[in-house]
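Structure record follows, encoded as structure tokens.
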Amino acid sequence: MKVAVFLSATFAGASAFVSQSSPKLGTSLNLKQDFLEYIPYYDHSNVKVNTWKNKAPFTGKVVSTKRIVGPKATGETCHIIIDHKGDFPYIEGQSWGVIPPGVREKDGKPHAVRLYSIASSRYGDDMTGATGSLCVRRATYWCPELKADDPAKKGVCSNFLCDSTPGTEIAMTGPAGKVMLMPEQDPNTDYIMVATGTGIAPFRGFVRRLFFEDTPAANAYKGEAWLFLGVANSDALLYDDEFQDAKSRFPKNFRLDYALSREQENKSGGKMYIQDKVEEYADEIFAKLEGGAHMYFCGLKGMMPGIQDMLAGVCKSKGIDYEEWIKGLKEKKQWHVEVY
Ligand SMILES: Cc1cc2nc3c(=O)[nH]c(=O)nc-3n(C[C@H](O)[C@H](O)[C@H](O)COP(=O)(O)OP(=O)(O)OC[C@H]3O[C@@H](n4cnc5c(N)ncnc54)[C@H](O)[C@@H]3O)c2cc1C
Ligand SMILES: *[C@@H]1O[C@H](CO)[C@@H](O)[C@H](O)[C@H]1NC(C)=O
């Protein structure tokens, strides 16, 4: 079905953004997802950042909050859907800021903003263009003396978000960031996405955009999107059902590899960390990068040293100068890192 589209003023200043007036939840489920596309769809020159600022944040409303890991997962991770009424456009790979309510204990000032990668595509999980989703891990503080979690030191914003219920108001800023966008211009582009834990968030948005929606981007896509996810065990996997679905429906265009550090062993019998899983395919990955693939990394900062050491080792074995190699990929904008 073809949907009437028109240039909209909803996206302040983004005159190339095609939009419908923001539909109410659930009203456009059968529509083609073409109402939040730039013209042409891969033109990112009008991608907005910081539409909503710290001093005048947007107030979003929680639609639902759901624990999405199994009982044996290390820690708790929640999927939170937030209604933005269509007033907070973003695209895949961007983040939202959240200002937790209340004030800091130390000086009575408002809490600082925390960033969260958006885990949905621009259309939101319900395809209305009026919601966005976050994938948040509840930050806890393990007290070595108490040998237990110390509730006084738990993370402010992640606990606020994971404890939110339908209707909870969320002060939001952004959208933030452009380093994690998908280039989209060449539909044959290969994507190599490497995530640990909640670092999966932007890649869930990518996968939904590439494979689950009826967009010009999805219809054009002919490349291979390859997702690596590292978590502790199978209960800690995130969005596995969706990724399995993409894999069975698009076996030629979507690949999926998991590194389960507490369940799998690497070649030397050690724990299977993300860099060990990526290393298994080093030849293929190097060839893909040589051919113009884009590589993305997202997750905790601590993932990068292991990745870098592994890549440096692979370069050495191939007689490649690692520093030059990385520099070349960065210059060609094939290298995308967002770690925290
Ligand atoms: C670009 C970007 C994207 C991000 N995306 C995501 C995402 O998709 N999902 C996600 O879950 N996170 C993401 N983050 C991280 C997120 O922004 C927050 O840093 C995280 O949720 C912790 O914030 P908090 O307010 O819960 O913890 P804070 O209150 O800021 O505390 C930070 C840590 O310190 C500990 N702590 C508190 N008090 C003490 C004390 N007295 N002594 C010792 N330790 C203490 C807390 O337990 C916590 O682990 C992202 C960060 C960035 C920069
Ligand atoms: C496997 O794990 C061991 C022990 O942690 C580590 O020394 C090694 O670098 C890892 N990777 C490979 C490919 O063996």
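This structure is a prediction, so every number in the text was calculated from the model and none was measured. Numbering of ligands and ligand atoms starts at 1, following listing order. The figures here come from the full heavy-atom set of this structure, side chains too, leaving out hydrogens, waters and symmetry mates.
Contact atoms of ligand 1 toward Glu338: 1 (C) (distance under 4.0 Å to a heavy atom of the residue). When each atom of ligand 1 is checked for a heavy atom of Val136 under 4.0 Å away, the hits are 11 (O).
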Evaluate the criterion salt bridge (charged side-chain N to carboxylate O under 4.0 Å, His left out) for residue pair Lys267 and Glu280; output intermediate values, then yes/no. CA-CA 9 Å; Lys267 273 190 220 143; Glu280 287 180 16; over 6 Å; no

Go through it in stages, so that I can follow the logic: the residues are Lys327 and Asp321, the test is salt bridge (charged side-chain N to carboxylate O under 4.0 Å, His left out), and I'd like the CA-CA distance, side-chain angles, deciding distance and then a yes or no. CA-CA 10 Å; Lys327 207 174 124 203; Asp321 180 332; over 6 Å; no

Show your working on salt bridge (charged side-chain N to carboxylate O under 4.0 Å, His left out) between Arg255 and Glu284 and close with a plain yes or no. CA-CA 13 Å; Arg255 262 168 100 170; Glu284 242 183 299; 2.6 Å; yes

For the pair Glu92 and Lys178, evaluate salt bridge (charged side-chain N to carboxylate O under 4.0 Å, His left out) and give the outcome as yes or no after the intermediate values. CA-CA 9 Å; Glu92 303 74 26; Lys178 284 191 177 186; over 6 Å; no

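Of the options Arg138, Lys106, Arg114, the smallest heavy-atom separation from atom 30 (O) of ligand 1 is shown by Arg114.
Ranking protein heavy atoms by distance to atom 38 (N) of ligand 1, first place goes to Lys153 O, 3.5 Å. Nearest protein heavy-atom neighbour of atom 48 (C) of ligand 1: Ala139 CB, 3.7 Å. Remark: minimum distance from atom 50 (C) of ligand 1 to any protein heavy atom is reached at Leu115 O, 3.0 Å. The protein atom (non-hydrogen) at minimum distance from atom 20 (C) of ligand 1 is Tyr116 OH, 3.8 Å. Closest protein heavy atom to atom 43 (C) of ligand 1: Tyr141 CE1, 3.2 Å. Here the heavy atom of the protein found nearest to atom 31 (O) of ligand 1 is Gly155 CA, 4.0 Å. For atom 52 (C) of ligand 1, the closest heavy atom belonging to the protein is Tyr340 CB, 3.4 Å. With respect to atom 26 (O) of ligand 1, the closest heavy atom belonging to the protein is Ser158 OG, 2.5 Å.
Among the atoms of Lys154, none of the N or O lies under 3.5 angstrom from an N or O of ligand 1. Geometrically, ligand 1 and Ala201 share no nitrogen or oxygen pair separated by less than 3.5 Å.
For Ser268, there are no side chain to side chain donor-acceptor pair (under 3.5 Å) partners at least two apart in sequence or on another chain.
For the residue pair Lys277 and Tyr258, the shortest heavy atom distance occurs at CE-O, 3.1 Å. Nearest approach of Ala217 to Glu184, heavy atoms of both residues: CB-OE2, 3.7 Å.
Counting only residues at least two apart or in different chains, ring pair (Phe, Tyr, Trp, His ring centres under 6.0 Å) contacts with residues 141-181 are absent.
Residue contacts with ligand 1, taken as heavy atom pairs separated by less than 4.0 Å, involve Cys135 solely via the backbone atoms N, CA, C and O. Of the heavy atoms in Thr140, only backbone atoms (N, CA, C, O) come closer than 4.0 Å to ligand 1.
Side-chain contact annotation: Tyr340 with Thr198, donor-acceptor N/O pair under 3.5 Å present. No side-chain donor from either of Arg262 and Asn233 sits under 3.5 Å from a side-chain acceptor of the other.
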Hey, what polar pairs (N/O, under 3.5 Å) does ligand 2 make with protein?
residue: ligand 2; atom: 2 (O); partner: Asn266; partner atom: OD1; Å: 3.3
residue: ligand 2; atom: 2 (O); partner: Asn266; partner atom: ND2; Å: 2.3
residue: ligand 2; atom: 11 (N); partner: Asn266; partner atom: ND2; Å: 2.8
residue: ligand 2; atom: 11 (N); partner: Asp276; partner atom: OD1; Å: 2.9
residue: ligand 2; atom: 14 (O); partner: Ser268; partner atom: OG; Å: 2.3

Report all side-chain donor-acceptor pairs from residues 289-306 shorter than 3.5 Å, counting only partners two or more places apart or in another chain.
residue: His294; atom: ND1; partner: Lys333; partner atom: O; Å: 3.2
residue: His294; atom: ND1; partner: His336; partner atom: NE2; Å: 2.8
residue: Tyr296; atom: OH; partner: Leu181; partner atom: O; Å: 2.6

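Looking at Glu279, its side chain never comes within 3.5 Å of a backbone N or O of Gly313 through a donor-acceptor pair.
In this structure, atom 33 (C) of ligand 1 has no protein heavy-atom contact shorter than 4.0 Å.
Residues Leu311 and Val337 fall within the same hydrophobic cluster, defined by Ile, Leu, Val, Met, Phe, Trp and Tyr side chains chained together at heavy-atom separations under 4.5 Å. Hydrophobic clustering of Ile, Leu, Val, Met, Phe, Trp and Tyr side chains at less than 4.5 Å, counting indirect connections, keeps Tyr90 apart from Phe206.
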